[in-house]
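Take a look at the structure set out below.
What you see below is based on every heavy atom in this structure, not just the backbone, and it leaves out hydrogens, waters and symmetry mates. Please read these numbers as outputs of a predicted model, since none were measured by experiment.
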Amino acid sequence: MNAPTKTHRKILVTQALPYANAPLHLGHILEAVQTDVWVRFQNILGNECLFFCADDTHGTPVMLKAKELGITPEELVKKIHSDHKETYKLYNIGFTNFHTTHSEENKKLSEHIYLKAKDNNLITRRTIEQLYDEKESMFLSDRFVKGSCPKCNELDQHADGCNKCGATYDIKEIKDPISVISGTKPITKESEHIFFDLPKKLDVLKEFLSTADLQKPISNKLSEWLNDDLQQWDISRDAPYFGFKIPGEDNKYFYVWVDAPIGYMASMDNWASANGRTMKELWSDSSEYEIYHFIGKDIAYFHGLFWPALLSAANFKLPDGVYVHGFLTINGEKMSKSKGTGILAKEFASLCDPETLRYYLSAKLNNKVEDIDLNFEDYAQRVNSDLVGKYLNIASRCSLFIKKNNYELSKSINKELIDKLILSRESIEEHYETRNYSKAIRSIMDLADIVNKYINDEMPWKKEQEEAAFIASSALNAFNILTIYLRPILPKLTEEAFKFLNNNKISFLDVSEELTNNINDYKPLLQRIDPIIIPEEEAMTNDNNYINIDEFSAVDLRVARIIEASLVEGADKLLQLKLDVGELGERQVFAGIKKAYDPDTLKEKLVILVSNLAPRQMKFGLSEGMVLASSDDEGIYLISPDKGAKPGLRVK
């Protein structure tokens with residue numbers, strides 16, 4: 001089923017909730033980009049498309065992580081929430097609201113849905129046997145038990161499935177079970193649990209699978225699960241547990257997969273109350289909004305069966321579609337920190353312009369449930385070829401001819417060239433609508449080739465000023481259309497391109513509008529990039545911490561003298577240092593030494609500078625290197641050379 005194509009649609013969109021026990025990795029960014037591009041496209045068309053998400057905060061892993069750090073779960077999720085918001089912002093993910101499942105809105109909605117289900121005779125209870133960690137005084141879920149596979153005897157397997165033979169089994173079947181929390185052997189213990197009667201919603205789920213917008217492989221898989229003896233769903237967990245208590249129960253908590261998807265609604269409720277809107281208007285049985293979820297393939301079961309059943313139990317509208325994507329691999333391998341492929345999103349954003357990752361992922365995304373590989377060599381080639389060599393090359397080549405014409409565009413342009421680009425609008429829109437971003441980019445770059453060929457064939461550099469301006473103006477009008485087409489994928493880059501063009505008509509509906517204003521000076525919007533190299537963690541273990549002489553020689557260490565040191569407004573840890581590096585001139589460095597040094601005491605102090613470290617653009621300014629320091633629990637200590645050393649001398 002294709003989504004409606006009527007204009008002025010009302011749409012609610014969500015992406016899967018990131019778990020609140022760790023920073024975001026690149027897999028999170030894949031999903032965020034896929035969702036954000038679709039939302040931006042809808043809004044560019046003039047639809048009202050609202051984008052909601054939240055941190056998934058409840059469950060045993062968060063509780064244990066907080067315990068490990070010596071803080072409360074509430075403190076942990078608050079800290080992670082701030083970090084997640086900052087990271088998403090780096091990649092220009094434009095949430096309407098990013099909330100948390102540990103909220104009053106979520107508690108209220110979770111209790112409401114549960115009590116409605118209870119009123120509708122969908123809640124049952126029975127006693128079950130579980131593995132129990134006596135040392136930690138807690139029941140153990142699958143992820144916290146390891147042992148030998150009961151099928152092939154492979155050691156060190158999780159309690160729900162074997163990575164070697166692929167077998168799945170009940171937690172009680174695993175051989176020689178061990179609690180990964182305490183390292184002790186668990187016992188079997190009985191506990192009464194609360195269940196949602198999923199089989200009673202069989203007809204509702206069949207109807208949902210036949211009418212919702214789902215990819216065929218997902219629909220088929222969900223139908224298999226549906227027909228494979230649908231079981232009652234265990235929705236309770238025993239204390240100790242970080243989550244919401246179940247109303248009317250003692251020491252029973254909602255299983256995290258109950259309140260996690262309700263977090264979508266809670267985020268909407270939080271936003272609605274602050275913006276004069278209501279949940280009845282947004283998400284109820286009478287809502288006019290289309291509802292779409294973007295998720296990874298590993299949680300299709302929950303979104304395709306459990307979630308619609310829960311919504312139906314409380315008479316909420318069911319989703320219109322669930323869009324599922326595959327996993328992200330790095331250089332052909334699963335993400336692994338030890339192999340240098342377990343890359344945090346913030347770390348990656350410090351290595352390259354995050355907009356280029358949005359482009360690369362979009363160039364590979366389609367509407368299939370396929371894994372996507374981020375290959376660093378291919379990444380650099382594609383960015384350099386497409387964005388720098390094709391798209392921005394048009395602006396770079398043509399701006400000079402318009403500058404010579406007093407920045408004034410010609411009143412007439414080559415209509416034949418422009419019409420070729422306008423004719424592609426509908427097909428590009430269709431590619432965006434159906435989430436075939438790779439096809440959209442292919443079409444856009446084919447158009448960029450046409451424009452560059454036009455420039456090469458017409459050779460404005462050999463023409464008189466008036467004719468050169470005509471050719472360049474035609475190409476820049478084409479560049480404007482390409483910029484509009486790329487806008488959902490590259491919001492920041494295209495915003496700068498529109499400023500260069502002095503243009504504010506930037507909708508898909510405006511592609512036939514000719515540029516009439518004078519343009520501004522063109523400044524390079526993106527530099528060519530080199531393939532990214534992430535060092536393998538295993539090469540720097542305590543047992544093997546060696547580098548060779550060539551690797552050491554590649555680091556240019558220089559003596560530097562601190563000319564000025566000052567506080568950085570808005571920074572908790574940084575001091576701004578102005579350095580004299582002798583023959584290398586002056587450098588500005590931001591150093592995290594504020595708690596250890598008064599700026600007034602640093603003037604004239606000699607330090608060691610890593611002078612060939614790539615400059616890093618921070619929000620406070622450009623940091624042009626790094627000063628060396630040592631640290632322990634007591635403080636931070638700058639490394640200084642002996643007497644007689646002078647600024648600029650190389651450390652060998």
Report task. Test salt bridge (charged side-chain N to carboxylate O under 4.0 Å, His left out) on R9 and E433 and set out the steps. Result -> CA-CA 13 Å; R9 294 159 61 188; E433 176 65 49; 3.2 Å; yes
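Judged as a salt bridge (charged side-chain N to carboxylate O under 4.0 Å, His left out), and not counting sequence neighbours, the contacts of K578 are E586. Judged as a ring-ring contact (aromatic ring centres under 6.0 Å, His included), and not counting sequence neighbours, the contacts of H28 are H25. Residues meeting the side chain to side chain contact (heavy atoms under 4.5 Å, CB included) test with P531, sequence neighbours left out: A380. The ring-ring contact (aromatic ring centres under 6.0 Å, His included) test applied to H81 returns F98, not counting sequence neighbours. Not counting sequence neighbours, the partners of I532 by the side chain to side chain contact (heavy atoms under 4.5 Å, CB included) test are F348, L351, C352, F376, Y379, I534. Annotation: side chain to side chain contact (heavy atoms under 4.5 Å, CB included) contacts of N92 (sequence neighbours excluded): R40, E355, R358, P491, K492. Taking the side chain to side chain contact (heavy atoms under 4.5 Å, CB included) definition, one finds that T494 meets it with Y391, T483, L486, R487, L490, F498, sequence neighbours left out. Residues that satisfy the ring-ring contact (aromatic ring centres under 6.0 Å, His included) test with F294, not counting sequence neighbours, are W38, Y323. Partners of E377 by salt bridge (charged side-chain N to carboxylate O under 4.0 Å, His left out), not counting sequence neighbours: none found.
At least one donor-acceptor pair under 3.5 Å links the side chain of N43 to the backbone N or O of C49. When atom types are taken as modelled, the side chain of Q576 and the backbone of A565 share no donor-acceptor pair closer than 3.5 angstrom. Looking only at distances, a side-chain donor or acceptor of N106 sits under 3.5 Å from a matching main-chain atom of T101. Within the 3.5 Å criterion, the main-chain N or O of I529 finds a donor-acceptor partner in the side chain of N384. Put simply, the side chain of S438 never gets that close to the backbone of N366: no donor and acceptor are under 3.5 Å apart. Under a 3.5 Å cut-off, the side chain of S103 and the backbone N or O of T100 do form a donor-acceptor pair. With hydrogens and angles disregarded, a donor-acceptor distance shorter than 3.5 Å links the side chain of T356 to the backbone of D353.
Looking only at side-chain heavy atoms (C-beta outward), F254 and Y241 stay at 4.5 Å or farther from each other. Residues S287 and L282 are not in side-chain contact: their nearest non-hydrogen atoms beyond the backbone lie 4.5 Å or more apart. Side-chain atoms of W233 and V258, non-hydrogen and from C-beta on, do get closer than 4.5 Å to each other. With a 4.5 Å cut-off on side-chain heavy atoms, Q588 and L577 do not count as touching. Inter-residue side-chain proximity for D56 and P18 is flagged as unmet; no heavy-atom pair is nearer than 4.5 Å. The shortest distance between side-chain heavy atoms of I93 and F51 falls below 4.5 Å. Annotation: side chain of F144 is not in contact with side chain of M138 (no heavy-atom distance under 4.5 Å).
Other residues, nucleotides and ligands place no more than 12 heavy atoms under 6.0 Å from the NZ atom of K439. Counting non-hydrogen atoms of other residues, nucleotides and ligands closer than 6.0 Å to CZ of R277 gives a total above 12. Other residues, nucleotides and ligands contribute only 12 or fewer heavy atoms inside 6.0 Å of the NZ atom of K78.
In summary, the side chains of D373 and N331 do not present any donor paired with an acceptor at a separation below 3.5 Å, with no hydrogens or angles considered. In this structure, a donor-acceptor pair under 3.5 Å is absent between the side chains of T57 and D55. Using modelled atom types and a 3.5 Å distance limit, the side chains of Y88 and Q15 yield a donor-acceptor pair. H325 and E31 are linked by a side-chain donor-acceptor pair at a separation below 3.5 angstrom, with hydrogens and angles left out of the test. At a cut-off of 3.5 Å, with distance as the only test, no side-chain donor of Y432 or Q42 sits close to an acceptor on the other residue. Side-chain atoms of N97 and S267 include a donor-acceptor pair closer than 3.5 Å. In the model, H58 has a side-chain atom that pairs as donor or acceptor with a side-chain atom of D259 under 3.5 Å. Between Y255 and D234, the side chains place no donor N or O within less than 3.5 Å of an acceptor N or O (distance only, hydrogens not considered). Side chains of Y360 and D378: a donor on one and an acceptor on the other come within 3.5 Å.
Expressed to the nearest 0.5 Å, how far OH of Y114 lies from CD1 of I235 amounts to 6.0 Å. A distance of 6.0 Å separates CD1 of I636 from OG of S631, quoted to the nearest 0.5 Å. Here the CD1-CG distance, from I44 to D510, works out to 10.5 Å after rounding to the nearest 0.5 Å. Here the CZ atom belonging to R382 is positioned 6.5 Å from the OH atom belonging to Y359, to the nearest 0.5 angstrom. Taking OG of S284 as the reference point, atom CE of M279 lies at 8.0 Å (rounded to 0.5 Å). The CD atom of Q34 sits 5.5 Å away from the OH atom of Y437 when rounded to the nearest 0.5 Å.
F52 pairs in a ring-ring contact (aromatic ring centres under 6.0 Å, His included) with only one of the listed residues (W271, F95, W283, Y292), which is W271. Shown are E281, E48, E288; of these, the salt bridge (charged side-chain N to carboxylate O under 4.0 Å, His left out) with K10 is made only by E288.
Residue pairs meeting the salt bridge (Lys or Arg N to Asp or Glu O under 4.0 Å) criterion with at least one member in residues 86-99, sequence neighbours excluded, are E86-K346.
The minimum heavy-atom distance linking D320 with E290 is given by the pair OD2-CA, 3.2 Å. Between V589 and G625, the shortest heavy-atom distance links the atoms CG1-O, 3.8 Å. The heavy-atom pair separating A212 from P319 by the smallest distance is CB-O, 4.2 Å. Smallest separation of non-hydrogen atoms from G59 and Y19: CA-OH, 3.7 Å. The heavy-atom pair separating S312 from L318 by the smallest distance is N-CD1, 4.0 Å. In plain terms, the two heavy atoms of I330 and L26 that are nearest each other are CD1-CD1, 4.2 Å.
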In a table with atom names and distances, give each donor-acceptor pair under 3.5 Å that connects a side chain of residues 295-306 to protein atoms at least two apart or in another chain.
{"unit_1": "K297", "atom_1": "NZ", "unit_2": "D371", "atom_2": "OD1", "d": "2.9"}
{"unit_1": "H303", "atom_1": "ND1", "unit_2": "I299", "atom_2": "O", "d": "3.1"}
{"unit_1": "H303", "atom_1": "NE2", "unit_2": "Y264", "atom_2": "OH", "d": "2.7"}

Pairs of donor and acceptor atoms involving the side chains of residues 60-69, under 3.5 Å and at least two apart or interchain, shall be tabulated with distances.
{"unit_1": "K67", "atom_1": "NZ", "unit_2": "E136", "atom_2": "OE1", "d": "2.9"}

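Between K108 and E104 no salt bridge is recorded (no basic side-chain N to carboxylate O distance below 4.0 Å).
A distance of 6.0 Å or more separates the ring centres of Y253 and F244.
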